[in-house]
Amino acid sequence: MSEIAVAPIAKVYGQPVLEVPQDLYIPPDALEVFLEQFEGPLDLLLYLIRKENTDVLDIPMSKLTGQYLEYVEMMRTRSLELAAEYLLMAAMLIEIKSRMLLPRPAIEGLEADPRAELVRRLLEYERMKLAAQRLNELPQAGRDFSLVHVLFDETAAGRLPDVNAADLRMAWLALLTRAAVNRHHRITREQLSVREHMSRILRRLQEARYIEFKELFKPEHGIAVLVVTFLALLELARESLVELTQQAAYGSLYVKLKTGHLAAVE
Amino acid sequence: MDTPSLDLEHVKRILEAALLTSQEPLALPELKQLFDEELSNDALCRMLEELRGDWRGRGVELVHVASGWRFRARPEYQRFIERLTPIKPPRYSRAVMETLAIIAYKQPVTRGDIEEIRGVTVSTNIIRALEERGWIDVVGHREVPGRPALYATTKTFLDDLNVRSLDELPPLDDLGSLVETAGAPPVAETPKPPVAEEPEPQPQPVEEMRRAASA
Amino acid sequence: MDTPSLDLEHVKRILEAALLTSQEPLALPELKQLFDEELSNDALCRMLEELRGDWRGRGVELVHVASGWRFRARPEYQRFIERLTPIKPPRYSRAVMETLAIIAYKQPVTRGDIEEIRGVTVSTNIIRALEERGWIDVVGHREVPGRPALYATTKTFLDDLNVRSLDELPPLDDLGSLVETAGAPPVAETPKPPVAEEPEPQPQPVEEMRRAASA
């Protein structure tokens, strides 16, 4: 297995991974990283075939099936999420292997080779996989080159830009991407409905200086809204945006805008 | 139009201003709308070529992509421009890129076709991400039970890769070249090889186009 | 640096490319980031003035506004360019979109919060534009020195985006599997073995969000 010098197939924690799994000690974590890299059973099979410099057109079925099952077993014991496709492929390999053992009528020629369909699929997948790599290497607008954006004052023409929900999502994605660069900016996302209700409560408190706690909760809105409103209130309190006060034990709770020293001076 | 040379200069200035301010590539019919006078396609193309020449050697160039003409910064300048914005657009994962490649080279395809080739389920997120990017869209439905959507790549996809048509994409590998028996001739003598020719169950517009282009 | 005139020409080309591709005006400190070598304000300003001169008489001009330098179409060309606008709807700049996204997803927030997340100053213009559009408003003040206004999105915003509540905005959690980690080196030209050198990177920030959300 190891007589051929193989280029590193993966780098894990900076260490090249050459052979998996027998010939090299690989920390269990690294193995998981390695196993998770396969895009599916075809990808794994191609790896096994390419690793040994096997001719795709003449696959040694019993060896390949053995190796494949070994990997699948490894994934299973590590309780990696094992997609059904892997098991389906295992069944297919075993079937092909057993059909290989049967004598084949020579006349039928190519079609009779039980491996034909598998080989077709492997080659087709590999072709697309390589195409994907090349496509990814092409310079992409925004990623590898910039587009020109000279200001043209369109608002002068009275037209307002359109925004849709997907734009918003893209903008957020851009922020996340940057947040990954600037580690100190932690962006978290609570349930949006909570934030919406935080705004709603603040709006109400603009109108009334304080609100009785229970006024915020309308049972007719349903339990989900009650819970969300409650969470919103807790969050507002945590962010020191509102104050919850109670005059006496078991008395009414009041919610009011937090007023700081500055407000007191005014 | 008594001083045609001057007018042409003016036409070029207008073209340049329009192309520099437009956020999308501009096609000839759109560019014609800029002018009161009727301009022939020929005249317009000559002007665009001239404009392209004017920009030679600059950091920005005029390029002709699938949906028309646009200005872009040359890729060599990206490393400078990048310093201004730490935000980089997403690099798609392999799953996304493989899905995209299958749609690009095998279009139109259904999600089932993609799954058949990749051998795994294609998540809705992947399709949605590509749709939102404006790189793929639904061009029809296959008339089989369930009427699955048929996906194809868009002009925007070609624009973003700075090409004018699908046949400018990298060519697909020849299946034969994938046989990696070092030095060995690609399986000539054995009657074994189960796949002698590439099976082409579906119409392959890209392939066809490429053949047509190279013919 | 043996041929300073050539170098200066290069510097000018980089400045030009950066200014033509930027959606926002660029101030001197930002422009300096473009170059490895330290450039003095004086030298930079001289170069910008020169560049401005180069563009004299064109449809687009380099102008110096409050927040820096930018290219813009000359008003005289407006009427030509406007003929194209029915086809191409305008779009907000990235700065506006990001500000809006932060207000939508993190409301109520102060301007300081937005700046903290975006990592750059948020111009008054952006906030005003969104307020004038009726998409955001002030729902309170944070009781810290300066009592900064707290912004939230309005009903009009939801109406204009055609959703009934914020919950209907696209979920963000599932973006995770689609992108590679930001700043990751470009996927190396992969050798034949099917496993790319770099382990499929899991996008950290989204993961973090998910953990934070489920915590």
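Protein chains get the first letters and strands the later ones, always in sequence-line order, with residue 1 at the start of each.
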request  = Of all the heavy-atom pairs spanning B:Val60 and C:Ala17, show the shortest one and how long it is.
outcome  =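 Closest pair (atom of B:Val60, atom of C:Ala17, distance): CG2-CA, 3.9 Å.
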
message = Is any side-chain heavy atom of B:Arg83 closer than 4.5 Å to one of C:Asp36?
response =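 They are in side-chain contact.
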
query = Are more than 12 heavy atoms from other residues, nucleotides or ligands located less than 6.0 Å from atom CD of C:Glu76?
reply =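 Above 12, so yes.
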
task = Verify the neighbour count for atom NZ of B:Lys155: are there more than 12 heavy atoms of other residues, nucleotides or ligands below 6.0 Å?
result =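 Atom NZ in B:Lys155 is not packed in, count stays at 12 or less.
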
Working to the nearest 0.5 angstrom, can you tell me the gap between [X] [atom1] and [Y] [atom2]?
X	Y	atom1	atom2	answer
B:Arg58	C:Leu20	CZ	CG	8.0 Å
C:Ile81	B:Ile14	CD1	CD1	9.0 Å
C:Glu82	B:Gln33	CD	CD	13.5 Å

Pick one of side chain, backbone, both or neither for [X], based on which atoms fall under 4.5 Å of a heavy atom in chain B.
X	answer
C:Leu34	both
C:Phe35	backbone
C:Tyr77	side chain
C:Leu26	side chain

Residue among C:Arg79, C:Lys12, C:Arg13 with most heavy-atom pairs under 4.5 Å to chain B =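 Option with the greatest count: C:Arg13.
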
